Amino acid sequence: MYINAAYHYLPDKIIPNSYYTDLIDLTDDWIYKRSGIRTRTKAGIDENTNTMSIDAVKSGIDRLPYDLKEVDLIVGATYTPYDTVATNAHAVQNHFAISRAKALSISSACSSFINAVEVVEGYFAINKSRRALVVASEHNTAYSDDMDKQSGYLWGDGAGAILISKEKISEEDIEILDLNTTGLADVGKGLDGVYLRPNDGGLQMPYGKDIFVHACKHMASEVENILKKNNFTMKDIEHFIPHQANSRIISKVAETLGLKNGKLVMNIEDNGNTGSASTVIAMSQNWNKFKKGELIVITVFGGGYSSGAMLLRK
């Protein structure tokens, strides 16, 4: 499989840490030390998970490697849906009139993007698709509570999209060498570590310490396992894109893996935690920095719990 292009969309509205100082007396320094966040993006009143999905694709419409109508599979990824019936995948299909493409959306918390790519892998393997569009979009602020001192300041909104083909299209393609996802609902706080229950408190993170421990462990082990399986080490990696949940988690994972300076890709300081869209957005933001032959590894951890990794080569 090959990633032919990556695009992203971030809302214009920026919420600085000072907003939370005025609202609930959390200082910029306090928030930054605990999360690595200075600002976060927030969807406007007329925006939602579906509109941001469409805007992510729109952002690259003049640079598409082929006609969008050639896409025969659209997989949405989100845990913050605008509509649980007509999903973000359906919204994209409708807006761009991608006739007769298969359309579905999946949720595995912040791991959803890699799970979505794994779904594409399955469709390709049984020859039911050749060109796919994966769109990850999160409207966290629709469900979070700004008054929540535990986690209300963490969340950002945004969307990312990638085009995937079964066969190589151009020299700009990034090859997907391998990917893996793992369900971890049987470890730690699992279902309760972080949750989104619309009728029972919205988006909450009551067990941050438990998330920290398991995210650090499993994000690192996913990378170690996928590299070992493909006969690589961290010394071979040029770009490391972790889920942008918390800078302390990212730092611990990087330390565990022995990552060298300059290889780490981060956007959490400006965007906040954009959920399953975070690694897609980071990939899109850094697309032009990836050089021919370089290896890229993505690792994620999501509530529920779940984890995953993807190994790429430019």
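The first residue in the sequence is number 1, and the count goes up from there. Since this is a predicted model, take the numbers as computed values, not measurements.
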Salt bridge (charged side-chain N to carboxylate O under 4.0 Å, His left out) between Lys42 and Glu47, worked out: CA-CA 9 Å; Lys42 182 175 182 177; Glu47 294 183 306; over 6 Å; no
Within one Ile-Leu-Val-Met-Phe-Trp-Tyr cluster: Ile162 and Leu179, side-chain cutoff 4.5 Å: yes
Residue pairs passing the side chain to side chain donor-acceptor pair (under 3.5 Å) test where at least one lies in residues 118-128, sequence neighbours excluded: Glu118-Thr181, Asn127-Lys166
For Leu227 against Thr233, the heavy-atom pair lying closest together: CD1-C, 3.8 Å
Flag side-chain contact, heavy atom, 4.5 Å: Lys189 against Tyr305: yes
Pair His239 + Phe290: ring centers closer than 6.0 Å: yes
Plane angle bin for Tyr20 and Tyr153 - parallel if under 30°, tilted between 30 and 60°, otherwise perpendicular: perpendicular
same_hphob_cluster(Val300, Val253) at 4.5 Å side-chain heavy-atom cutoff: no
Side-chain donor-acceptor contact under 3.5 Å, His243 with Ser278: yes
Heavy atoms of other groups near Lys263 NZ, more than 12 under 6.0 Å: yes
Side-chain heavy-atom pair Val117, Met1 within 4.5 angstrom cut-off: yes
Over 12 foreign heavy atoms within 6.0 Å of CG, Asp12: no
Side-chain H-bond candidate by donor/acceptor type, Asp72 with Ser129, under 3.5 Å: yes
Backbone N/O of Arg248 and side chain of Asn246: donor-acceptor pair under 3.5 Å: yes
Heavy-atom closest pair, residues Thr21 and Asp28: OG1-N, 3.9 Å
Glu175 and Lys168 ion-paired at < 4.0 Å: no
Side chains of Thr49 and Asn88, donor plus acceptor under 3.5 Å: no
Modelled atom types, side-chain donor and acceptor of Arg40 and Asn17, under 3.5 Å: yes
Residue Lys292 excluded, over 12 heavy atoms near NZ under 6.0 Å: yes
Donor-acceptor pair between Glu222 and Thr182 side chains, under 3.5 angstrom: yes
Pair Asp173, Asn4: side-chain N/O donor-acceptor within cut-off below 3.5 Å: yes
Other residues, nucleotides, ligands: >12 heavy atoms within 6.0 Å of Lys69 NZ: yes
Hphob cluster co-occupancy, Met219 + Leu259, side-chain heavy atoms under 4.5 angstrom: yes
Side-chain touch Thr256/Val223, heavy atoms, less than 4.5 angstrom: no
Hphob cluster co-occupancy, Phe240 + Ile249, side-chain heavy atoms under 4.5 angstrom: yes
Shortest non-hydrogen contact from Ile298 toward Met283: CD1-CE, 3.4 Å
Distance-minimising heavy-atom pair for Asn50 and Ala86: ND2-O, 3.6 Å
Between Thr274 and Gln244: side-chain donor-acceptor atoms closer than 3.5 Å: no
Over 12 foreign heavy atoms within 6.0 Å of OH, Tyr207: no
Pair Ser284, His8: side-chain N/O donor-acceptor within cut-off below 3.5 Å: yes
Side chains of Ser112 and Ser276, donor plus acceptor under 3.5 Å: no
Residue Arg197 excluded, over 12 heavy atoms near CZ under 6.0 Å: yes
